[in-house]
Amino acid sequence: KMSKSTHNTESMTAADEAPPPEAPPAASTEVVDPETGAKMSKNALKKLQKKREADRKKAEKAAEKPVAPTKKTSVLAASEKEEELEPHQYFENRAAAMARLSHSDNPPWPHKFEVDLDIPTYATKYASLEPGARLDTIVKLAGRAMRKAGQGKLIFYDVVQGGSKVQVMSDPSTYDAGEEAWTRMHELLRRGDVVGVTGYPGKSKRGELSIFPTALELLAPCLHMLPKGQGPKVVKDPEVRFRKRYLDLLLNEGSSQVFQTRAKIVKSMRKYLDDRGFLEVETPMMNMIAGGATAKPFVTHFNELGIDVFLRVAPELYLKTCVVGGLDRVYELGRQFRNEGMDQTHNPEFTTCEFYMAYADFHDLMDMTEDMISSLVLEVTGSYKVSYTDKDGHHYDIDFAPPWPRIPMFEGLRDALKELQDASSSSSSDGLSAPWWPFESPAELEAADAVPRLLEVHATAGIDPCKPPHTVARLVDNLVGELLETKCVSPAFITEHPAVMSPLAKYHRSKPAVTERFELFVATKELCNAYTELNNPFVQRERFAAQAADTAAGDDEAMVKDEDFCVALEHGLAPTGGWGCGIDRLTMFLTDNASIRDVLLFPAMKPLAGSGGHGSGAASAEAAPPSAGGAEEASVAEKLREQLRQAGIEPSC
């Protein structure tokens, strides 16, 4: 570094040695800057003017930018910044904020909010308002905020409830508590929060139904980050949809309508029976004997009695004893439990409607079924015609308009096999080959050689037999499934089942070895099952004995003898018709859902490792924090519990 004196000396020396300055340019080459009056060369002025023009355009461009981002930063910045966090970080921040707010004058979980109208009613009442209208009436609404946006000093929310939506348009000028309180409230609210809104009904200038709030209240915060998006498939992962059904209902448009349709079906069916003098009753869920249907039961333990009992597979036997007791028309809508397969069309617990009607037979019940189901479809959907696509992608146009065809089972199998035989290239050219259906009458199905003959039918027709055990009932049912049920797209009755398949149905009054029974099929699937009830106690015991033989052969779905029921029949069961319908499957048809899990709010699911409750353990990148390892998760959970304790809240887990 140079010292000060050395620097001065060198400066003077340089100055002494510098050449004399050039003479100033002639006056004729100078110009005057019109803005400052300063004199300068033409080139200098030209450069200065270019710079001024560029600065002017830059300033104009900046002035044209809207002021909204500034306000957006002050009111919406916190919520938008949190949306960029990882889901578990979002939860931590939100939980801590609510813990702090719990001790304020406005806790985030209030006890009560008075509501004047629900949002669907509000939407109907004020739909006719003109665009830009705003009424003087104060209304109080509540719902879930599913969208949050802003423009200047105007904050928007879409608040939804019951399948309807209303836009909240909030600005500080109409907020009773003032701008500071308005700002605090909007900095607090997030997507997914349940909010109470007090304000004026109206419509935006674009005609969207709105409410202009004078007050807002947080009623229940959503602590988790919700997936973004709109439409029927915001949450696509079926594991999340079914394990966390609340997310499906909240985010997927149309999901709640499925269950509203289901409720309409139940309501319509109940009204139909009530209007015809039926009495709704309840029968036991736990039984000593799993009777009433050919199905494998669940077993549970009755601690007080020290015995194992079965969850019911059907309420049939109890309902028929009600008829014995003089309740001539009874029905029950309720859950059944069958410990069988679980797939897209079967769930271990499901809902049925069963009714029993004294002095009716299966002909009466077919007429009632046509009338009930067709009128129900028309009432629920507005048409007899519905479209349905099954799990394999097959599309069906179903017409429920009556009347429906009626196909006797034995004759139907014979005709279907003859048609198949005629079309087969293996048929002999002289037409003398033996019929593929070798049985002359249903009585031959009860012969000792019926099983091998039925297996031969399967082999000849190229149909795979059912899984063992191979009983007459199972093999005939398998043929029906392949040859008759597949042709039933619009509703059709398959009638007159062989007696070996129907231990509780009454024998046909004019056809030996068959019963007065029918099944209703729609889109190739069974929907209803009904028959003239067997009321002869001696024949009933014989049927139970035949079922016991199937049980000995390894059929764990065969019916077990119920002696108490036989004793009830000995007291006299009037001629009676009995009927059952699957509510879940009917809902699938009328909502076009191929999976039964889509029409059950909480379907059975395979438990996940470490799950601790209904639906727990389901994780998704869309809706739940990713697993970060057991130790880290435990640490995060403990931190959250500690934050709650510091706020004076004892965590529940």
Side-chain angles (χ1 to χ4, degrees), residues 283-284 287-295 297 310 312-330 354-365 408-410 439 441-448 450-451 471-474 476-477 495-519 529-553 555-580:
T283 61
N287 301 318
M288 298 289 291
I289 295 174
T294 53
F310 301 101
R312 73 178 183 192
V313 295
E316 176 169 345
L317 302 187
Y318 280 108
L319 292 174
K320 284 194 280 193
T321 61
C322 290
V323 180
V324 172
L327 302 178
D328 287 347
R329 297 187 177 192
V330 293
E354 289 200 17
F355 74 75
Y356 293 83
M357 182 178 181
Y359 314 112
D361 64 10
F362 84 132
H363 294 293
D364 300 318
L365 299 190
M409 182 178 289
F410 187 87
F439 303 97
S441 71
E444 294 182 29
L445 292 171
E446 299 178 359
V451 168
T471 63
V472 172
R474 288 167 59 84
V476 171
D477 187 60
T495 69
E496 300 176 356
H497 296 51
V500 292
M501 300 179 67
S502 311
L504 297 174
K506 195 173 182 70
Y507 44 86
H508 200 283
R509 66 195 73 182
S510 60
K511 294 182 179 181
V514 299
T515 59
E516 294 193 348
R517 177 185 175 189
F518 71 82
E519 291 177 291
N529 182 33
Y531 36 82
T532 306
E533 296 295 337
L534 177 59
N535 58 351
N536 184 327
F538 305 110
V539 176
Q540 183 64 80
R541 284 191 175 92
E542 292 174 1
R543 297 275 183 86
F544 280 146
Q547 289 284 299
D550 286 347
T551 302
D555 187 355
D556 56 7
E557 295 182 1
M559 202 173 299
V560 179
K561 179 182 179 181
D562 189 334
E563 180 59 25
D564 287 343
F565 174 67
C566 293
V567 172
L569 292 185
E570 292 174 351
H571 290 76
L573 172 64
T576 298
W579 180 93

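Atom CG of L317 and atom CG of D564 lie 10.5 Å apart (nearest 0.5 Å). Once rounded to the nearest 0.5 Å, the distance linking CD of E444 with CZ of F439 reads 7.0 Å. Atom-to-atom distance recorded for Q540:CD and C566:SG is 5.5 Å, nearest 0.5 angstrom. Separation of atoms CG (L504) and CZ (F565) is listed at 6.5 Å; rounding is to 0.5 Å. Between atom OG1 of residue T576 and atom CZ of residue R329 there is a gap of 11.0 Å, rounded to the nearest 0.5 Å. Atom NE2 of H497 is separated from atom CG of N529 by 6.5 Å, given to the nearest 0.5 angstrom.
Closest non-hydrogen pair, E354 versus P315, comes out as OE2-CD, 3.3 Å. Contact record, E533 with G577: CG-C, 4.2 Å, taken as the closest heavy-atom pair. In this structure, P297 and F310 approach most closely via the heavy-atom pair CG-CD2, 3.6 Å. Here the closest heavy-atom approach between residue A568 and residue V324 is recorded as O-CG1, 3.7 Å. The two residues S502 and R517 make their nearest non-hydrogen contact at OG-NH1, 2.8 Å. Contact record, Y318 with N287: CE1-OD1, 3.0 Å, taken as the closest heavy-atom pair.
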Verdict with reasoning, D364 to M357, per side chain to side chain contact (heavy atoms under 4.5 Å, CB included): CA-CA 10 Å; D364 300 318; M357 182 178 181; 5.9 Å; no
Check against side chain to side chain donor-acceptor pair (under 3.5 Å), R509 and T532: CA-CA 10 Å; R509 66 195 73 182; T532 306; 4.6 Å; no
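Distance alone, capped at 3.5 Å, places no donor-acceptor pair between the R543 side chain and the A499 backbone. Using modelled atom types, one side-chain atom of R312 and one backbone atom of T283 make a donor-acceptor pair closer than 3.5 Å.
Only one option out of N535, D361, T515 pairs with K506 in a side-chain hydrogen bond (donor to acceptor under 3.5 Å, both in side chains); it is N535.
Taking the side chain as every heavy atom from C-beta outward, E496 and M409 never approach each other to under 4.5 Å.
Between F355 and W579, the two ring planes are parallel [angle under 30°; tilted spans 30° to 60°].
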